Amino acid sequence: MSPEASSAPRSLAEALRARDDASLAALLRDRPDLVAPVPTDLTQLATRAGTRASVLRALEHLDRFALQVAQALAVAPDPATYDTLHELLAGDDGDPAVTEALPETVAALRRQALIWGDDDRLHLVRTARELLAPSPQHPSPTGLGPTVREATSGMSPGRVQQIVNTAGLPSTHDPVSAVNALTALFADRKRMDALLAGAPEAAREVLTRLMWGPPYGQVTADPAAHLRWLLDRGLLLPTAPGTVVLPREVALHLRGGRAHRVPEPVPPAVEPSVAHAPGIVDATAAGQAYTALATVEELLKHWDQGGPAVLRAGGLSVRDLKRTAVALDAPEPLAAFWIELAYAAGLLASDGAADERYAPTPAYDTWLERPVAERWGRLATAWLAATRTAGLIGGRDIKDRALSALGPGLDRSAAPEVRHRVLTLLADLPAGVAPAPEAVLTRLTWERPLRTPQRDGTEDLRIRLARWTLSEAELLGVTGRGALAGHGRALLGLALPEAGTSAEAGTSRPGGDARPVIDGHAAATAEGTTAVERPTGPLSLTFTEQTTATAVGLLAPLLPEPLDHVLLQADLTAVAPGPLLRPLAETLGVLADVESKGGATVYRFTPASVRRALDAGQTAADLHAFLAQHSRTPVPQPLTYLIDDVARRHGHLRVGVASAYVRCDDDSVLNEIIADKRAAALRLRRLAPTVLAAPCDPATLLEGLRSLGYAPAAESSQGDVLITRADAHRTPPRTAPEPVPEGPPAPDHVLLTAAVRAIRAGDLAATAPLKAPGPQPAGGELPRTSPADTLATMQAAVMTGEAVWIGYVNADGAASQRVVAPIRVEGGFVTAYDHTADEVRTYPLHRITGVAELAED
């Protein structure tokens, strides 16, 4: 055996053992499920890397070309050479794009431990081969069928010899050599061309139909002549009664050596669709950002005194969602998005009372006091990091239960990564340029190809998340007119590109994936970071305080300045030509009703709205002074008359407790009420010339009299007029919902360093040669020695300063192997430097199962 062959790794564990620490850290970073918990040695790491769950997770993060490479290896001989793999992907003619991209992709798959071995002996991990290799139950995306050896495994030796003879090959002594000869014939281009040259035209058509898959077909008990010609020569092989298959070697010959019809080594470009001036995009996005803030504020103000009740199963009822949509003048899906956004930002929660209801949180009041741009920054960062997905509301879960707003079952761990990736693709275009949405979806499909169709026939979740991201980013003002705004780029931690240039920030293979990449250590130690996943594994990407502050600083100058005035009109309306200062907007919202929204808000004054202001403690003089101060136009006379008329009648009637009573100094007014047939439902009766009593409560009596056109005022038991102000209802302090991560969190630099050190030390303990004579435990077993021998060996190691290998069982009964350098032995304890943990530890002697000395080399 040559030295090169003997040095080639014989297993994945040996291949990992040959790696340096940086390469092991890269593997653990790309596949974080391997580090939780930390493997005891490299053999355990290799075993865990080959488990079905771990391999499936790794395959799900491959781009289309990396997956095509893995699929090609699954149909290639094991092991395969690099040249064989290249031929399967590039074909006989050779595809320059494949030739250029293949080395990097193979290196990436090797780095992720999905393939191992040198280029002359490439192995696909066994579990990945089982998942990707073609079978009748699970066809391969390559469209290839079984090999000749697999297809003839159940065939009689005599039938195999008949096929060999009919194909023009000499007879052999056994079926194995016959199958080998047939396989060699189908793999020989020249001899196959000569064989197919004599095929009937109908036979060639059958081969053409089966060539790209599916490779299976149906035949009758008495097949036609052209099918018989194919069956006699093994170009079609029977797999079951009435079923034939095209052998893999024949299909590859017909395809020109390609495993895939269309290899895709280059990611599809996200082509520009529409170009706008960057200033227009930023201004449009800023206007939408202000609208988003106004909508969220209106929502929470609508629930200020206690919002809808919480369903028993959690969430908002369909009826309450419809009512909220009407209040916001928005479609129900849009109202659901604003509700979920406020919840993700920690501004909305349930109050936790016995009669549980939704209400604003104390953080809402703090949020209202912040500058407008900072308030937007909180909403935007909450949206980027949230795993709750409003687009799912109204659908059904896997148990066919309805998904409701604010209810359970809305978390999708892939949402933050998809949002960040979609926005990064927009950032790759020049400033002001918007792509076609389908181009973005096509790129995302290439980066995470679909392998199984959805059961309900809907689009893949990632594609739906991408569609929702494009629309939600526009609603929130992260994008404008389909293009990423300047403050949106800053929010992602990207610099604004120069006009006409691309914002490519880096690439990450496999996949040619262009995105900003931050070193795992730097990102993990940055304050306020949020972990987001990349195609090859979790990576800390930015939503830091610094990037948020930069985005807020870019947005602030674009937002409209709040106004301190309105324009009063003679038709009892007021026009706000822009956003109003908060005190002005709050007072005007009590005094008038909002009639229309948009660039300018129109308020209408009505008797009911004026009475509402008077009930809140305002006087007619206060209202006149307020309007005169804040109107750029003279106060119209009709509005003055309206306020005076309502104020004159306000409080003329008094409602108190009797169960309820009405008193009025003018008995003619009471006579009018008694005579009104509409008041019959109130069951009023006269107690005195100026007093009426009713059996209903004061609130019902107030509403009943107001519905008749009167303007009564409530009074206390002392006869004082009650001023009614809306009491804001707040929940106890609440924290925003935590995003649900997709799999284990990305390990930081400190954890990676410690994990690699522990794995190396454990591997040393498992593989280090022992001194002879002495116990020679089998691989993976703990050393076993008597207590006396253990004590003597430890004492000798203290004097010589040598490291020893011990078996140790902790207090929980977990056994482990460790390499330690004893420092002292006393009182039934051994104090030693533990190479596995890289620290000094103390071990009880009675928990050490055995000890063995390491060989000097």
Side-chain angles (χ1 to χ4, degrees), residues 301-302 304-306 355 357 572 574 586-594 603-629 635-729:
K301 187 183 297 183
H302 182 64
D304 199 52
Q305 299 180 53
D355 182 18
R357 312 186 74 83
L572 297 181
E586 290 177 349
T587 304
L588 193 60
V590 175
L591 180 57
D593 298 323
V594 176
Y603 295 85
R604 178 165 293 280
F605 300 93
T606 65
S609 68
V610 173
R611 184 176 63 241
R612 185 170 63 229
L614 295 174
D615 286 343
Q618 300 287 334
T619 64
D622 294 336
L623 299 181
H624 289 311
F626 170 77
L627 294 174
Q629 178 184 359
V635 179
Q637 198 172 48
L639 180 56
T640 302
Y641 289 162
L642 174 65
I643 294 174
D644 291 341
D645 183 57
V646 174
R648 183 169 52 254
R649 301 172 59 198
H650 186 264
H652 193 51
L653 296 177
R654 301 292 180 90
V655 174
V657 178
S659 296
Y661 65 84
V662 183
R663 69 180 181 87
C664 181
D665 296 335
D666 188 353
D667 59 353
S668 62
V669 175
L670 299 183
N671 292 334
E672 180 183 343
I673 295 175
I674 289 290
D676 196 331
K677 294 182 178 180
R678 297 174 299 169
L682 299 176
R683 294 183 290 171
L684 294 166
R685 59 190 177 87
R686 189 184 294 273
L687 298 182
T690 59
V691 180
L692 300 178
C696 58
D697 61 271
T700 302
L701 183 56
L702 272 171
E703 291 300 321
L705 292 177
R706 285 172 177 171
S707 66
L708 299 178
Y710 298 96
E715 70 177 16
S716 66
S717 57
Q718 288 79 26
D720 300 323
V721 175
L722 293 176
I723 297 175
T724 57
R725 292 188 175 89
D727 294 327
H729 180 66

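Just so you know, these numbers use all the heavy atoms, side chains as well, and skip hydrogens, waters and symmetry mates. Position 1 is the first residue of the sequence; numbering continues from there. Quantities reported herein were computed from a predicted structural model and do not represent experimental measurements.
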| field | Distance in Å, T640 OG1 paired with Q637 CD, rounded so as to fall on 0.5 Å steps | value | 7.0 Å
| remark: Between the CG atom in L692 and the CG atom in L682, the distance rounded to the nearest 0.5 Å is 10.5 Å
| Roughly how far, to the nearest 0.5 Å, is the CG atom of D593 from the OG1 atom of T606? | 4.5 Å
| said: Treating R612 as the side-chain partner and D615 as the backbone partner, does any N or O pair qualify as donor plus acceptor under 3.5 Å? | reply: no
| Mind checking whether V646 and F605 have side chains closer than 4.5 Å, heavy atoms only? | no
| query | Going by the ring pair (Phe, Tyr, Trp, His ring centres under 6.0 Å) test, which pairs reach into residues 607-626, not counting sequence neighbours? | reply | F626-H630
| Should Y710 and L702 count as side-chain neighbours, where that means a heavy-atom distance under 4.5 Å? | no
| message | Could you tell me if the side chain of L670 sits less than 4.5 Å from the side chain of L684, heavy atoms only? | response | no
| task | Please report the shortest heavy-atom distance between A620 and A647, naming the atom on each side. | result | CB-CB, 3.6 Å
| Heavy-atom closest pair, residues D667 and P689 | CB-O, 3.2 Å
| message | Can you tell me how far apart CD (E586) and NZ (K301) are? Round to the nearest 0.5 Å. | response | 6.0 Å
| request: Compare every heavy atom of A693 with every heavy atom of L687, then report the nearest pair and how far apart it is. | output: CD1-CB, 3.4 Å
| request: Please determine, by modelled atom types, if D622 and T619 share a side-chain donor-acceptor pair under 3.5 angstrom. | output: yes
| task | Could you pull out all residues at least two apart from R357 that satisfy side chain to side chain contact (heavy atoms under 4.5 Å, CB included)? | result | A309, D351, D355
| message | If I take atom OG from residue S609 and atom CZ from residue R604, how far apart are they, to the nearest 0.5 angstrom? | response | 10.0 Å
| said: Any non-hydrogen side-chain atom of R648 less than 4.5 Å from a side-chain atom of D645? | reply: yes
| task | Grab the two heavy atoms, one from D666 and one from S668, that are nearest each other, plus how far apart they are. | result | OD1-OG, 2.5 Å
| request: Look up atom NE2 in H650 and atom CD1 in I643, then write down how far apart they are to the nearest 0.5 Å. | output: 13.5 Å
| query | Any sub-3.5 Å donor-acceptor pair from D676's side-chain atoms to E672's backbone N or O? | reply | no
